[in-house]
Amino acid sequence: MMKKVNPDVWTGRTDHIDNRSSFRYHQIVEFENIDALKPSPATCAIIGFESEEGVRRNNGRLGAGKAPDALRNELAKLPWKMPEGQRLVDLGNIECLDNNLEKAQQQLGDAIAVALHNDMTPIILGGGHETAYGHYLGVRKHVGKEATIGIINIDAHFDLRPYDEQPSSGTMFKQILEQDKKSSYFVAGIQRYGNTQELFDRADALGVTYVYEEDMHMGKMDNLTADLEKFIAQHDFIFLTLCMDVLNAAFAPGVSAPSPFGLDPAIVRAIIKTVTSHDKTLSFDISEVNPILDENNRTVKLGAYLTNEALTSFLGGTLHDVSS
């Protein structure tokens, strides 16, 4: 069930009530009913996923279910720098009721597919990283059974754990790769000591492409960009998922599994720009922001800024220079 968002979440400073060049997100966002959507190109559609059931099943620290509205509240304050005619619509939040993660993921997938069918670009605000499986379900439903899907994940962890007992926030990509032979997986930011040898062996057996965290810095961005472009070229469609625990804990303390050796935000920002600027990329999700564990709202704010980078790239707005 899609739950409407309280418009008060979208509040911020107002510099001018008429001059669009002074507008911020909260002044341009529109609220739409997903059951009444009409085709709307050049539109990003926000969908929240209020789930942390996958994190609970994975024995993680809870709080990510509060992230969708927290991220909206920070996005609301940012300047809107998109060309005239570009739209941002908010479709609401999917709730995970009665611990029924599987049903919630299916509902998320259905909502994403509806947005894609209406020529919109879904921007999914998780939630635990179980968000990514619902994201996948929506993309697959939209593109059909025969198209190849490339999944690009910015993450410290493979999330290839067994799901024999039940799926969680650590099983999604094993689920996808074993159930869908027309999907492939690229993960950037892998930590050598954040994953067991069994997980590395499983990644190799499943043909996963991965890049270690210590090999990712601005001096090597040309190599990483070339690897990403090669992966994108091999697939019909791409979706991008960001797990915020990939970032150094100094920048992102509010996550279930903070990382002392994580990535610098500039690297994550550059990857987002590279992937979302490609015509094959359909959608973006951000997961594992945990407002309850955050310090001075730092992780929520950073998550909103990174989401803004994806939105701006998708809609052809004014981007920052990621090399600076």
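In this text the structure is predicted, and so the values were computed from the model without any measurement.
L125 and V268 end up in the same hydrophobic cluster when Ile, Leu, Val, Met, Phe, Trp and Tyr side chains are linked at under 4.5 Å. The hydrophobic clustering, which links ILVMFWY residues whose side-chain heavy atoms are closer than 4.5 Å, places I94 and L116 together. Linking Ile, Leu, Val, Met, Phe, Trp and Tyr whenever their side-chain heavy atoms come within less than 4.5 Å puts I272 and M216 in one cluster. Under the 4.5 Å side-chain heavy-atom criterion for grouping Ile, Leu, Val, Met, Phe, Trp and Tyr, L240 is not connected to Y136 through any hydrophobic cluster. Residues I123 and Y133 do not share a hydrophobic cluster, clusters being chains of Ile/Leu/Val/Met/Phe/Trp/Tyr side chains in contact below 4.5 Å.
The distance from atom CG of N33 to atom CG of L91, rounded to the nearest 0.5 Å, is 9.0 Å. The structure places CD of E74 at 11.0 Å from OG1 of T299, a figure rounded to the nearest 0.5 Å. We find the CG-NE2 distance between D8 and H26 to be 12.5 Å, quoted to the nearest 0.5 Å. Separating the NE2 atom in H157 from the CG atom in L199 is a distance of 9.5 Å, to the nearest 0.5 Å. Rounding to the nearest 0.5 angstrom, the gap separating the CG atom in L242 from the CD1 atom in I124 is 12.0 Å. Within the model, atoms CG of L137 and CG of D180 stand 10.0 Å from one another, a figure rounded to the nearest 0.5 Å.
Remark: the S256 side chain and the N290 side chain contain no N/O donor-acceptor pair separated by less than 3.5 Å. A donor atom on one side chain and an acceptor atom on the other are found under 3.5 Å apart for Y210 and D204. A donor and an acceptor atom, one from each side chain of S259 and Q191, are located under 3.5 Å apart. Counted by atom type alone, T131 and D285 present zero donor-acceptor pairs between their side chains at under 3.5 Å. Side-chain contact, S51 with E130: a donor N or O sits under 3.5 Å from an acceptor N or O. For the residue pair D264 / H217, no side-chain donor-acceptor distance below 3.5 Å is found, with atom types taken as modelled. With no hydrogens or angles considered, a side-chain donor-acceptor pair links H129 and T241 at under 3.5 Å. Side chains of N93 and D69: a donor-acceptor N/O pair is present below 3.5 angstrom, by distance only.
Classification of D159 and R161 as a salt-bridged pair fails, no side-chain N sitting under 4.0 Å from a carboxylate O. Using a 4.0 Å cut-off between charged side-chain N and carboxylate O, E165 and R57 make no salt bridge. By the 4.0 Å N-to-carboxylate-O rule, E309 lies close enough to R269 to be salt-bridged with it. Here D110 pairs with K141 in a salt bridge; the nearest charged N to carboxylate O distance falls below 4.0 Å. Between R56 and E52 there is no salt bridge, since no side-chain N of the basic residue sits under 4.0 Å from a carboxylate O of the acidic one. Between K230 and D227 there is no salt bridge, since no side-chain nitrogen of the basic residue lies less than 4.0 Å from a carboxylate oxygen of the acidic one. Ion pairing between D90 and K4 fails under the 4.0 Å rule for side-chain N and carboxylate O.
Cation-pi geometry between R192 and Y212 is met: under 6.0 angstrom from the ring centre, within 45 degrees of the axis.
Contact annotation: the side chain of S283 approaches that of H135 to within less than 4.5 Å [non-hydrogen atoms, C-beta and beyond]. Side chains of L206 and F173 form no contact here, defined as non-hydrogen atoms less than 4.5 Å apart. The shortest distance between side-chain heavy atoms of L306 and L247 falls below 4.5 Å.
Here W80 and Y25 bring their ring centres to under 6.0 angstrom of each other.
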- Message: Could you go through F261 and Y193, starting from their C-alpha distance and side-chain angles, then the distance that decides it, and tell me whether this counts as ring-ring contact (aromatic ring centres under 6.0 Å, His included)?
- Response: CA-CA 10 Å; F261 290 133; Y193 296 101; 8.7 Å; no
- Message: Run the salt bridge (charged side-chain N to carboxylate O under 4.0 Å, His left out) test on K182 and D236 for me, step by step, so that the C-alpha distance in whole Å, both residues' side-chain angles and the decisive distance to 0.1 Å come before the verdict.
- Response: CA-CA 10 Å; K182 289 189 175 290; D236 297 320; over 6 Å; no
- Item | salt bridge (charged side-chain N to carboxylate O under 4.0 Å, His left out) between K3 and E95, intermediate numbers included | CA-CA 7 Å; K3 181 180 72 173; E95 294 181 279; 3.7 Å; yes
- Candidate pair T14 and R24, rule side chain to side chain donor-acceptor pair (under 3.5 Å), full reasoning: CA-CA 7 Å; T14 298; R24 301 176 190 272; over 6 Å; no
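Here the shortest heavy-atom pairing between V255 and R61 reads O-NH2, 2.9 Å. Of all the heavy atoms in C243 and N153, the pair that sits closest is N-OD1, 4.3 Å.
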